[in-house]
Chemist: 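Let me begin by handing over the structure; questions about it come next.
The chain is numbered in sequence order, starting from 1. No hydrogens, no waters, no symmetry mates; every other heavy atom, side chains included, goes into these values. Source: prediction; values computed, not measured.
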Amino acid sequence: MKFLTKDRPSQGDRYAFRLRLSDGKTRLIGSDERPYPVVLSQENLPDSVKDNQLNEVVVTYSSPRSIPYII
């Protein structure tokens with residue numbers, strides 16, 4: 001998953017993400033148990049203030065368990 005945000009995620013924190021899929025269903029990525037999602041962020045420092053200044057965050061997640069739906 002990739003998204004843009006003005007905030008920079010804290011390194012070392014454990015995150016869970018709620019995702020809304022194109023079919024309207026919602027899923028939960030991550031929990032308080034291993035494996036945790038891997039969150040990598042890249043700070044964007046453009047030359048011009050008119051350019052995109054948002055941070056790009058990439059989340060990867062791999063688990064032998066199925067990803068749960070949120071009802």
Side-chain angles (χ1 to χ4, degrees):
M1 166 179 71
K2 185 188 298 186
F3 61 92
L4 300 173
T5 180
K6 65 181 178 85
D7 301 319
R8 186 176 175 123
S10 300
Q11 296 298 322
D13 286 348
R14 297 178 187 154
Y15 290 97
F17 298 91
R18 183 181 61 198
L19 303 175
R20 184 171 307 268
L21 306 176
S22 59
D23 62 2
K25 295 180 181 177
T26 307
R27 288 198 150 191
L28 179 67
I29 302 292
S31 70
D32 60 348
E33 299 175 355
R34 290 181 185 254
Y36 306 116
V38 177
V39 179
L40 301 173
S41 64
Q42 181 175 356
E43 190 172 7
N44 191 3
L45 301 172
D47 293 332
S48 172
V49 295
K50 295 179 182 179
D51 293 336
N52 179 16
Q53 298 179 7
L54 297 173
N55 297 317
E56 180 179 279
V57 179
V58 177
V59 179
T60 56
Y61 181 71
S62 179
S63 175
R65 298 180 292 232
S66 63
I67 298 172
Y69 284 100
I70 299 173
I71 299 175

Chemist: Mind listing the closest non-hydrogen atom pair of Gln11 and Val39 along with its distance?
Modeler: OE1-O, 4.1 Å

Chemist: Which distance, rounded to the nearest 0.5 Å, do you find between the CZ of Arg8 and the OG of Ser10?
Modeler: 9.5 Å

Chemist: Grouping I, L, V, M, F, W and Y whenever their side-chain heavy atoms are under 4.5 Å apart, do Val57 and Tyr15 come out in a common cluster?
Modeler: yes

Chemist: Report the distance from atom CG of Leu19 to atom OG1 of Thr26, rounding to the nearest 0.5 Å.
Modeler: 8.5 Å

Chemist: For the CD1 atom of Ile70 and the NZ atom of Lys25, what is their distance to the nearest 0.5 Å?
Modeler: 13.5 Å

Chemist: Could you check if a side-chain atom of Arg27 sits within less than 4.5 angstrom of a side-chain atom of Ser66, using non-hydrogen atoms only?
Modeler: no

Chemist: Write down the atom of Tyr36, the atom of Tyr61, and the distance for their closest heavy-atom approach.
Modeler: C-CD1, 4.1 Å

Chemist: Please name the pair of heavy atoms, one in Gly30 and one in Ala16, separated by the smallest distance, quoted to 0.1 Å.
Modeler: O-CB, 3.9 Å

Chemist: Is any side-chain heavy atom of Val58 less than 4.5 Å from a side-chain heavy atom of Glu56?
Modeler: yes

Chemist: Roughly how far, to the nearest 0.5 Å, is the OG atom of Ser31 from the CZ atom of Arg14?
Modeler: 9.5 Å

Chemist: Please find the pair of heavy atoms, one from Ser41 and one from Pro9, that lie closest to each other, and give the distance.
Modeler: CB-CD, 3.9 Å

Chemist: So, for Pro37 and Ile29, which heavy atoms are closest and what is the spacing to 0.1 Å?
Modeler: CG-O, 4.1 Å

Chemist: To the nearest 0.5 Å, tell me how far Leu4 CG sits from Asn55 CG.
Modeler: 8.5 Å

Chemist: Atom CZ of Phe17 and atom CD1 of Ile67: how far apart are they, to the nearest 0.5 Å?
Modeler: 12.5 Å

